[in-house]
J.: 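Sharing a structure, written as structure tokens. Questions coming.
So that the names make sense, note that chain A is the first sequence line, chain B the second, and so on, each numbered from 1.
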Amino acid sequence: MNQPQETDKLPNFVLDVVKADVAAGRNGGKVMTRFPPEPNGYLHIGHAKSICLNFGIAQDIPGAVCNLRFDDTNPSVEEDEFVRSIQEDVRWLGFDWGARMYFASDYFERLYAIAEKLVREGKAYVDSQTIEEMRAGRGSFHQPGRVSPYRDRTPDENLELLRRMRAGEFPDGAHVLRAKIDMQASNQNLRDPVMYRIKREHHHRTGDAWCIYPMYDFAHGYSDAIEGVTHSICTLEFENHRPLYDWFLDQTPEFDPRPRQTEFARLNLTYMTLSKRRLKLLVEGGHVKGWDDPRMPTIAGLRRRGYTPEAIRAFADRIGVSKRNSFVDVTLLEHAVREDLNARCRRVMGVLRPLRVVLENVPEGQEDAFDAPWFADDPSRGGRSLPFGRALFIDREDFAEVPPKGWFRLTPGGEVRLRNACIIKCERVVKDERGEIVELRCSWDPDSRGGNAKDGRKIKGTLHWVSEKHSLPAEVRLYDRLFRAENPGEEGDEFLGDLNPASFEVVQARVEPSLAGAAPGDRVQFERVGYFCVDPDSKPGALVFNRTIGLKDSWAKQQGK
RNA sequence: UCCGGCGUCGUCCAAUGGCAGGACAGCGGAUUUUGGUUCCGCUUAUUGGGGUUCGAAUCCCUACGCCGGAACCA
């Protein structure tokens with residue numbers, strides 16, 4: 001996984017910035033990046049873009065490294081379960097942070113010491129206004145802010161108050177520590193931002209050791225600096241925070257290297273939502289079965305769905321990195337996974353909606369078998385034997401009593417080839433009293449063993465099939481896009497109204513016996529149908545498959561027009 | 001309306017003053033015992049206006065459009 005160039009990676013401006021810094025000899029040529037998730041949810045495909053960027057730079061630049069740092073400065077929303085899942089997901093994606101797993105909370109003591117230093121130097125003060133007063137005092141886009149009546153407290157006074165804040169002498173919200181910058185600044189982030197707030201919450205790592213917690217803007221840059229990060233890469237919404245990031249670091253010239261922030265555009269994908277808040281709503285509202293529901297854009301969901309790390313990395317490499325707000329077409333992701341699965345998945349047969357076929361010219365009890373390769377275009381990769389007999393199953397979709405124009409599957413009186421087996425002809429359609437087709441009576445051509453007719457007649461259609469007697473029952477979960485709208489919730493906040501009611505369907509399928517030992521995580525192609533992955537719910541004798549992605553289907557496309 | 005950012009095929013990304021190119025999508029064709037794969041071909045773009053230059057997607061001015069910003073969130 002340490003191959004830097006496993007796909008054609010696009011050039012990107014962030015890598016260019018890093019390379020230029022190396023060339024200029026900044027930081028002595030040292031490069032350190034970091035992936036800094038807040039452990040308040042599961043990682044999704046958008047995070048994968050950031051992970052591939054940050055860890056990718058570390059792989060592309062000799063000697064560079066990338067840290068994993070949990071940005072856990074807000075105990076009200078952060079949990080250990082997320083810390084665990086984030087590690088699992090980054091590792092699964094194929095990246096390694098070595099021994100460099102850190103927590104912002106590891107730095108609480110040092111951050112606090114920096115805060116005291118700023119107080120002593122008169123660069124920070126304790127404000128005792130209410131939230132409302134502070135908000136009003138901060139002004140607006142058009143109005144400059146007003147200074148707080150507490151802004152002129154002496155360093156000694158501030159230091160004492162800060163220490164008492166830490167000691168727990170004040171109720172939540174009674175005071176905050178603010179940086180003393182510029183209430184007139186046109187960038188509102190510079191209007192005396194809050195550095196610490198009082199918050200009596202149990203922290204997932206520090207427990208009840210603290211009742212004051214640092215804010216992002218104060219904590220993040222210093223966490224970078226403490227670790228020796230050189231390039232702090234984040235998304236566009238932090239662009240307005242960069243002057244503040246720099247201001248804090250300017251107050252502490254002792255840090256070397258001094259990290260610099262570079263922003264890039266976060267990922268948006270059609271027919272998906274990548275908002276943490278919305279993903280949480282989907283999980284908590286029961287609209288999906290959990291963070292790892294195969295319809296979720298989470299790494300855990302994609303993994304369970306059957307996506308491979310290679311496919312996700314190839315996708316990340318191909319969408320590139322820029323500062324433009326973009327909406328990537330989900331077909332690009334789907335293409336990446338098909339491309340990878342096409343190369344690696346054995347071809348097997350599974351009948352999703354079984355229709356019984358009886359071959360009347362095969363004697364009862366007679367069995368036969370056909371050899372079939374795992375990969376038709378490369379028989380050296382091995383194969384298996386397919387049992388065959390009088391009763392078979394084909395897919396209901398592959399028979400039409402009244403075929404549409406262009407149909408070359410089975411019809412009454414018509415012939416098709418059974419994949420890797422022989423040619424059959426439909427002699428008769430058996431229906432129940434309601435007129436539903438229950439069975440097809442067919443005959444096979446004994447001179448077509450292997451699939452080609454001895455007399456040379458051409459057979460256009462080839463169907464997948466399984467033997468009734470030897471096939472295995474399997475639950476197959478058919479997943480489709482979670483949303484039917486290209487941009488869910490585009491109008492207002494009604495994204496739940498755009499849920500695709502057909503995003504999940506379960507069918508009782510029959511699969512070929514070679515799948516008896518299939519284990520969770522195994523991936524196969526059901527020929528003519530799609531790529532499937534064995535679900536963790538699967539057990540021997542009770543197989544469960546998830547549809548990762550269907551095969552491209554030009555017949556369906558043609559019918560849709 | 002203030003601050004910051006961004007405008008290149010339908011979508012995403014290149015081209016860093018010198019022939020606007022790739023991928024996906026779409027369309028057409030060839031091959032095919034998967035209506036899959038593979039292969040070949042085609043369509044389509046520099047937001048508008050001015051300027052600098054032998055030459056501008058690229059530099060300058062201007063207009064317009066889109067995104068982000070007024071948590072004791074990150």
J.: Atom CD of A/Glu38 and atom P of B/C73: how far apart are they, to the nearest Å?
T.: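 A/Glu38 atom CD is separated from B/C73 atom P by 11 Å.
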
J.: Just confirming the chi classification of B/A45, syn or anti, using 90° around 0 as the syn window.
T.: anti

J.: Looking at B/U34, I'd like to know if its phosphate oxygens (OP1 or OP2) sit under 4.0 Å from a side-chain N or O belonging to A/Lys552.
T.: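 Checking B/U34 against A/Lys552, no side-chain N or O comes under 4.0 Å of OP1 or OP2.
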
J.: What is the per-nucleotide protein-contact pattern of nucleotides 9-19 of chain B, from the 5' end, where B denotes a base atom under 4.0 Å from a protein heavy atom, S denotes such proximity for sugar-phosphate atoms only, and - denotes neither?
T.: --SSSS-B---

J.: If you assign each of A/Glu237 and A/Ile459 to its closest nucleotide in RNA chain B, which residue comes earlier from the 5' end?
T.: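 Comparing both residues, the 5'-ward one is A/Ile459.
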
J.: Of all the choices, B/A74, B/G68, B/A70, which nucleotide is nearest to the side chain of A/Arg138 once you look at every atom?
T.: B/A70

J.: Across the strands shown, which category fits A/Val194 at heavy-atom distances under 4.0 angstrom: base, sugar-phosphate, nothing?
T.: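 If one applies the 4.0 Å heavy-atom cut-off, A/Val194 turns out to touch the sugar-phosphate alone, with no base involved.
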
J.: Base, sugar-phosphate or nothing for A/Gly406? Non-hydrogen atoms, less than 4.0 Å.
T.: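 Touches a base.
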
J.: If you compare every side-chain N and O of A/Ser554 against the phosphate oxygens of B/G36 (OP1, OP2), does one of them come in below 4.0 Å?
T.: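 Yes, A/Ser554 has a side-chain N/O under 4.0 Å of OP1/OP2 on B/G36.
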
J.: Between A/Arg510 (side chain only) and A/Ser471 (backbone N and O only), is there a donor and an acceptor less than 3.5 Å apart?
T.: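 Checking the backbone N and O of A/Ser471 against the side chain of A/Arg510, a donor-acceptor pair under 3.5 Å is found.
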
J.: Between A/Thr130 and A/Asn420, name the one whose nearest nucleotide on RNA chain B is closer to the 5' end.
T.: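 Checking each residue's closest nucleotide, the 5'-ward one belongs to A/Asn420.
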
J.: Using atom NE2 of A/His241 as one end and atom C1' of B/G69 as the other, report the distance to the nearest whole Å.
T.: 7 Å

J.: Please determine, for B/A57, whether a Watson-Crick or G-U wobble partner exists with both distances under 3.5 Å, and give it or none.
T.: none

J.: Need one value for A/Glu486: base, sugar-phosphate or nothing, where a base atom within 4.0 Å counts as base even if backbone is also close, heavy atoms only.
T.: nothing

J.: With a 4.0 Å cut-off, would you call A/Arg409 and A/Asp395 a salt bridge?
T.: no

J.: Tell me: CZ of A/Arg417 to P of B/G35, nearest whole Å?
T.: 10 Å

J.: How close or far is atom P of B/U31 from atom NZ of A/Lys458, stated in whole angstroms?
T.: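 So the NZ-P distance, A/Lys458 to B/U31, works out to 12 Å.
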
J.: Taking only side-chain N and O atoms of A/Arg347, does any of them lie within less than 4.0 angstrom of OP1 or OP2 on B/G36?
T.: no

J.: Compare the ring of A/Trp555 with the six-membered ring in the base of B/G35 and state whether they stack (centres under 5.5 Å, planes under 30°).
T.: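 Per 5.5 Å and 30° rule: yes, stacked.
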
J.: Expressed in angstrom and rounded to an integer, what is the separation of A/Glu78 atom CD from B/C73 atom P?
T.: 11 Å

J.: Between A/Arg197 and B/A74, is there a contact of a side-chain N or O with OP1 or OP2 at under 4.0 Å?
T.: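 Result: yes.
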
J.: When we call it a touch if two heavy atoms are under 4.0 Å apart, what does A/Tyr213 touch: a base, just sugar-phosphate, or nothing?
T.: nothing

J.: Please determine if a side-chain N or O atom of A/His464 lies less than 4.0 Å away from the OP1 or OP2 oxygen of B/U34.
T.: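 Answer no for this pair, as no side-chain N or O of A/His464 is under 4.0 Å from OP1 or OP2.
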
J.: If the threshold is 4.0 Å, N to carboxylate O, is there a salt bridge linking A/Glu339 and A/Arg318?
T.: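 A salt bridge is present here (some side-chain N lies under 4.0 Å from a carboxylate O).
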
J.: Does A/Arg242 have a side-chain nitrogen or oxygen under 4.0 Å from the phosphate oxygens OP1 or OP2 of B/G69?
T.: no

J.: Between B/A71 atom P and A/Phe218 atom CZ, what is the distance in whole Å?
T.: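 In whole Å, B/A71 P and A/Phe218 CZ are 21 Å from each other.
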
J.: Less than 4.0 angstrom from a charged side-chain N to a carboxylate O is my criterion; do A/Arg205 and A/Asp106 meet it?
T.: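 Salt bridge between A/Arg205 and A/Asp106, a charged N being under 4.0 Å from a carboxylate O: yes.
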
J.: Does a side-chain N-to-carboxylate-O contact under 4.0 Å join A/Glu227 and A/Arg69?
T.: yes

J.: Does A/Arg191 reach the main-chain N or O of A/Ser140 with its side chain, forming a donor-acceptor pair under 3.5 Å?
T.: yes

J.: Do A/Val119 and A/Tyr125 come within less than 4.5 Å of each other through their side chains, counting heavy atoms only?
T.: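 No. Closest side-chain heavy atoms not under 4.5 Å.
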
J.: Between A/Phe70, A/Phe108, A/Phe103, which is the residue that forms a ring-ring contact (aromatic ring centres under 6.0 Å, His included) with A/His203?
T.: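 For A/His203, the ring-ring contact (aromatic ring centres under 6.0 Å, His included) test succeeds with only one of A/Phe70, A/Phe108, A/Phe103, which is A/Phe108.
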
J.: Please state how far atom CZ in A/Arg266 lies from atom P in B/A74, giving the value in whole angstrom units.
T.: 15 Å

J.: Is the NZ or CZ atom of A/Arg381 both under 6.0 Å from the centre of the six-membered ring of A/Trp374 and within 45° of that ring's axis?
T.: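 Pair A/Arg381/A/Trp374 does not count as cation-pi.
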
J.: Would you say A/Lys557 reaches B/G35's phosphate, i.e. side-chain N/O to OP1/OP2 under 4.0 Å?
T.: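 So the side-chain polar atoms of A/Lys557 never come under 4.0 Å of the phosphate oxygens OP1 or OP2 of B/G35.
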
J.: So A/Trp465, base contact, sugar-phosphate only, or nothing? Heavy-atom distance under 4.0 Å.
T.: nothing

J.: Check every atom of B/C3, B/A74, B/C72 against the side chain of A/Ser186 and return the nucleotide holding the closest atom.
T.: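 It is B/C3.
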
J.: What is the distance, rounded to the nearest whole Å, between atom NZ of A/Lys280 and atom P of B/A74?
T.: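 Those two atoms, NZ and P, are 14 Å apart.
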
